[in-house]
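Notes follow once the structure below has been shown.
What you see below is based on every heavy atom in this structure, not just the backbone, and it leaves out hydrogens, waters and symmetry mates. Throughout, protein chains are lettered first and strands after them, A, B, ... in sequence-line order, and every chain is numbered starting at 1.
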Amino acid sequence: MQTYQNLTMPTSDSLPQTVLTPLGGLSQSQVDDPTLKRTIRLAKNREAAQECRRKKKEYIKCLESRVAVLENQNLALIKELRSFKDLHCVKTG
DNA sequence: ACCTTCGCCCGTCAGCGGAT
DNA sequence: ATCCGCTGACGGGCGAAGGT
């Protein structure tokens, strides 16, 4: 998958590393505990969802600013086209 | 003061695709 | 085949704004 690529997706070094020390300090019996497994999975997914939403917002910001740029370019081109047309009318008219 | 509606955020689940 | 991360979808909570 990996959507939102291109269009500057900043990485999130700054985000807090909460809750999870990645299975480092866990005994085998702890790792096998389904309840603990679920807790860990939920916590990881919670963080993943937060990051995903942050990236999506950033992506939308990028798109919006790109729209603004393109709209300005479009206006400028329309303006230029008009002036060329005017020039042409003067010559032929 | 009390609803009601709207927009936003969050946590969770489900499903997909890549990595092993 | 299994694990894991990412992301769309869903439902719930909360505050703001507007109507009664």
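Note on A:Lys56: a side-chain N or O is less than 4.0 Å away from OP1 or OP2 of C:dG8. In terms of phosphate contacts, A:Arg46 brings a side-chain nitrogen or oxygen within less than 4.0 Å of OP1 or OP2 of B:dT12. Put simply, A:Lys57 has no side-chain N or O that comes within less than 4.0 Å of OP1 or OP2 on B:dC8. A close approach under 4.0 Å does not occur between any side-chain nitrogen or oxygen of A:Lys55 and OP1 or OP2 of C:dC6. In this model, the phosphate group of B:dG11 is approached by a side-chain N or O of A:Gln50 to a distance below 4.0 Å at OP1 or OP2.
Proximity of A:Glu71 to A:Leu75: side-chain heavy atoms (C-beta onward) are nowhere separated by under 4.5 Å. Put simply, the side chain of A:Lys57 does not reach to within 4.5 Å of the side chain of A:Ile60, judged on heavy atoms. Side-chain contact between A:Arg54 and A:Glu51 is present, with heavy atoms from C-beta onward closer than 4.5 Å.
Of the candidate nucleotides B:dG11, C:dT7, B:dC9, C:dT7 has the atom nearest to the side chain of A:Cys52. Closest to the side chain of A:Leu42, out of B:dC13, B:dC9, C:dC10, is B:dC13. Closest contact between the side chain of A:Arg41 and the listed nucleotides B:dG11, B:dC13, C:dT7 involves B:dC13. Among the nucleotides C:dT7, B:dT12, B:dG11, the one closest to any side-chain atom of A:Arg38 is B:dT12.
Using a cut-off of 4.0 Å between Lys/Arg side-chain N and Asp/Glu carboxylate O, A:Lys44 and A:Glu47 are scored as not salt-bridged.
Per the geometry, NZ belonging to A:Lys44 stands 13 Å off P belonging to C:dC3, to the nearest Å. Straight-line distance from the CG atom of A:Asn45 to the C1' atom of C:dG8: 12 Å, rounded to whole Å. As a whole-Å value, the separation of A:Tyr59 OH from C:dG8 P is 10 Å. Rounded to an integer number of Å, the gap from A:Glu51 CD to C:dT7 C1' is 12 Å.
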